[in-house]
Amino acid sequence: MAQNITIIQQIGLSVLAAASVAWVVGLVRILRRERADRAEWHALRAVGRQAGPPAQEKVALTEAERAAFAGLIRQLDPRSS
């Protein structure tokens with residue numbers, strides 16, 4: 001350091017430099033946390049904007065398919081025995 005600066009000034013400069021580094025580190029951490037929170041809320045808002053339940057799908061079955069399905073349901077349903 002310069003020879004014409006007193007020890008008190010050197011200590012003050014060191015404390016000021018350490019405080020500046022701590023402030024920058026804290027600011028970066030806060031900004032990163034806020035960015036992560038904002039992204040999380042953005043994702044949650046996107047989920048909430050759905051217009052309703054998805055549309056139901058319908059499949060046209062022939063009479064033989066309906067009878068086969070009814071027979072399968074009777075086999076699987078323990079109450080029908």
Side-chain angles (χ1 to χ4, degrees):
M1 293 224 130
Q3 294 177 352
N4 58 350
I5 297 178
T6 66
I7 190 74
I8 300 290
Q9 290 174 331
Q10 289 178 1
I11 291 172
L13 185 61
S14 299
V15 168
L16 183 61
S20 298
V21 169
W23 180 80
V24 169
V25 168
L27 182 63
V28 167
R29 291 182 69 189
I30 288 171
L31 290 176
R32 282 185 181 175
R33 186 180 329 137
E34 284 185 13
R35 187 182 323 149
D37 289 344
R38 194 176 314 130
E40 181 179 317
W41 279 107
H42 180 68
L44 289 175
R45 275 194 318 229
V47 170
R49 289 185 188 158
Q50 292 178 350
Q56 293 182 349
E57 295 181 13
K58 293 184 179 182
V59 178
L61 299 177
T62 64
E63 286 299 322
E65 290 172 332
R66 284 189 187 134
F69 185 72
L72 179 63
I73 295 299
R74 281 191 294 271
Q75 281 180 334
L76 296 176
D77 189 12
R79 294 177 292 177
S80 65
S81 300

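In this chain, residues are counted from 1 in sequence order. Everything numeric in this text was worked out from a predicted model, so none of it was measured.
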Please list every donor-acceptor pair under 3.5 Å in which a side-chain atom of residues 21-32 meets a protein atom from a residue at least two apart or in another chain.
none

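Membership of the apolar cluster around Val59 extends to Leu61, as traced through chained side-chain contacts below 4.5 Å between ILVMFWY residues. When hydrophobic residues (I, L, V, M, F, W, Y) are linked wherever their side-chain heavy atoms come within less than 4.5 Å, Leu16 remains an isolated member.
Here Ile8 pairs with Thr6 under the side chain to side chain contact (heavy atoms under 4.5 Å, CB included) rule; sequence neighbours left out. Contacts of Glu63 classified as side chain to side chain donor-acceptor pair (under 3.5 Å), with partners at least two apart in sequence or in another chain: Arg66. For Glu34, the salt bridge (charged side-chain N to carboxylate O under 4.0 Å, His left out) criterion is met by no residue, not counting sequence neighbours.
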